[in-house]
Amino acid sequence: MLDIKLIRENPELIKEGCRKRGARVDIDRILDLDKRKRELMHKIEQLRSKQKELGSQTPLPLKKLKQIKNEIKKLEPLLKEKEEKLQELLLSLPNLPLEDVPEGKDEKENVVLRREGDLKRFDFKPKDYLTISEKLDLIDVKRAGKISGTRFGFLKKEAVLLEFALIKFTFDRLLKYGFSPIIPPVMLKPEMMEGTGHLSEKDRKEKYFIEKDQLYLAGTAEQPIAAMYANEILKEKDLPLRYLGFSTCFRREAGSYGKDTKGIFRVHQFDKIEMFSFCKPEESKQEHEFFLNLQERLMKEIDLPYQVVKICTGDMGFPAARQYDIETWIPSEGRYRETHSTSVCTDFQARRLNIRYRSKTGKLNFVHTVNGTAFAIGRTIIAIIENYQQKDGTIKIPEALQKYTGFSQIPS
RNA sequence: GGAGGAGUGGCCCAAUGGUACGGCAAGAGAUUGCUAAUCUCUGACGGUUUAAAAGCCGUCUUGUGGGUUCGAAUCCCACCUCCUCCGCCA
């Protein structure tokens, strides 16, 4: 959520930000509602003040008090209505992009910053991961389809062990940096999901919702971790407060009919290791770069070729102020595919979730939040299978992971 | 799922219809002088002022939302969370 004071004082800045992001919003309507809300509030406060004053007199002027009471009762619903409408409009505004974010309409205008890692040379025609996996019995989407429908998969045999290895490897590497390990609940109350900024009109249909219990399934551990400190006040000395979360993620993939329909690249359920940080405003940009750096370090260590992409204003996630994606080389497709994402959300999520910290001087301030993929496991396994396939049909295990898998190739 | 109990500042706790008691902890300031002590201040929000603050004005704050009342922590209704027991269960 954006600061109403900022909107009041700087409406042009907000309008410009929304325009860049391609959000159609009526800022003037918000300003008008805000003004009328404050007027009503003032009126009601005056009445209440009067009520208190008269309430201490003896004998009680009952007639006047009743009159004031009725007047307040009449105004209160009006105020509530204004507040709710204003809140609704405020929640519909996306975060403002930081200055260095490239302006653009959609993913075509994202900017590739750099490419890292040498593409593997194959002296044979590399196969796609699904062909390899089915032959080695690592992935079964046919039976998953039978029991659950499309966009599900069984992960089997060495692929499962590879997942566990990747998890242990990642936690080993990152816990050194002050991350606290965490496994969050993957079901959230609507107001918490709303607080993360992942319930915009576009995002909403992407979520699974359990009607009977009024709970959303998390699409990423970012959501429950961000909401964890809702309505709480953190201590300045605990910041940055970093979490390394593991969770299963659920996505409806509603808008992606016909896209990546084969295999497990785009599925309704996958596991992911996610970095998250609550930090001070002045350190959030640096924290964001730090997350990107960690992502790259992990990728370099398991030696997968990738490119870093700076996401343009029109393609950023709703709560993001700046976003980088990492795309990993997939030989069978001859192109880079998205495997990681990291965003700094400034105080956008913190305002919605009311997460503040008390500074040394005692002042309350909203924290900034930063999130980033450590590894989306399904897609990483895909990338490993494709990039590490051998001529004889086996798959080599990246050296850094061998210690964790206990074998150096598949079949082992 | 059933029965019972409980939710008051960071923590502990008092108040049964009339200004929310007190203690502990932590932070800031002052004083003394040395491994600390003493004293003072410290809930949130809105408005106003300001370079920023202090200040000033007001409202809100006893799990949440309603209701009764001139007035609710207190009475009524619904919901949430936690605890105990029963049932079920990895």
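Remember, predicted model here, so these are calculated numbers, not experimental data. Residue numbers begin at 1 in each chain, while the letters A, B, ... track the order of the sequences.
Backbone-only engagement by A:K5 is indicated by non-hydrogen atom pairs under 4.0 Å involving sugar-phosphate atoms exclusively. Heavy atoms of A:K50 sit nowhere under 4.0 angstrom from any nucleic acid atom.
We find that CD of A:E83 is positioned 12 Å from C1' of B:C60, with the value rounded to whole Å. The nearest whole Å value for the distance from the NZ atom in A:K235 to the P atom in B:A25 is 15 Å. The separation between A:N70 atom CG and B:U68 atom P is 10 Å, rounded to whole Å. To the nearest angstrom, P of B:G43 lies 17 Å from CG of A:N354. Atom CG in A:N365 sits roughly 14 Å away from atom C1' in B:A52 (whole-Å rounding). A straight line from CG of A:L79 to P of B:C60 spans 12 Å, rounded to a whole angstrom. The CZ-P distance, from A:R48 to B:G47, rounds to 17 Å in whole Å. We find that CG of A:L364 is positioned 15 Å from C1' of B:U61, with the value rounded to whole Å.
Phosphate contact (OP1/OP2 of B:U68, side-chain N/O of A:K73, threshold under 4.0 Å): present. In terms of phosphate contacts, A:K69 brings a side-chain nitrogen or oxygen within less than 4.0 Å of OP1 or OP2 of B:U69. Dashed line: the shortest gap from a side-chain N or O of A:R358 to OP1 or OP2 of B:A44 is under 4.0 Å. Under 4.0 angstrom from either OP1 or OP2 of B:C57 there lies no side-chain N or O belonging to A:S49. For B:G47, one of the phosphate oxygens OP1 or OP2 lies less than 4.0 angstrom from a side-chain nitrogen or oxygen of A:R38.
In this structure, B:U81 forms a base pair with B:A6, meeting either the Watson-Crick or the G-U wobble geometry with both donor-acceptor distances under 3.5 Å. The partner of B:G1 is B:C86, by the rule that a Watson-Crick or G-U pair needs both atom distances under 3.5 Å. A 3.5 Å limit on both hydrogen-bonding distances identifies no Watson-Crick or G-U partner for B:A54. When Watson-Crick and G-U wobble pairs are counted only if both distances are under 3.5 Å, B:A14 pairs with no nucleotide at all. Searching all strands for a Watson-Crick or G-U wobble partner of B:A28 with both distances below 3.5 Å returns B:U40.
A:T220 and A:K272 share a donor-acceptor pair across their side chains, judged by distance under 3.5 Å alone. Counted by atom type alone, A:Q67 and A:Q51 present zero donor-acceptor pairs between their side chains at under 3.5 Å.
Few gaps surround NZ on A:K15; more than 12 heavy atoms of other groups in view lie less than 6.0 Å from it. The environment of CZ in A:R19 is crowded: more than 12 heavy-atom neighbours from other residues, nucleotides or ligands sit within 6.0 Å. The local environment of CZ in A:R114 is crowded, with over 12 non-hydrogen atoms from other residues, nucleotides or ligands closer than 6.0 Å. The environment of A:Q286 atom CD is sparse: at most 12 non-hydrogen atoms of other residues, nucleotides or ligands sit within 6.0 angstrom.
Taking atom P on both B:C13 and B:G27, the two are 24 Å apart, rounded to the nearest angstrom. Going from the P atom of B:G10 to that of B:G87 covers 39 Å, rounded to whole Å. Separation of the C1' atoms belonging to B:G22 and B:G46 is 31 Å when rounded to the nearest angstrom. As rounded to the nearest Å, B:G5 and B:C70 have C1' atoms that lie 35 Å from one another. Between B:U49 and B:U42, the distance separating the two C1' atoms is 22 Å to the nearest Å. Using atom C1' as the reference point in both B:U81 and B:C75, the two lie 23 Å apart (nearest Å). Comparing the same atom, C1', in B:C24 and in B:U19 gives a spacing of 25 Å after rounding to whole Å. Here, B:U62 and B:A3 have their P atoms 29 Å apart, quoted to the whole Å.
The nearest heavy atom of RNA chain B to A:K80 and to A:R356 marks one nucleotide each, and the one closer to the 5' end goes with A:R356. Comparing A:I44 and A:I233 against RNA chain B, the residue whose closest nucleotide sits nearer the 5' end is A:I233.
A distance-only check finds no donor-acceptor pair linking the side chain of A:T369 to the backbone of A:F278 [under 3.5 Å].
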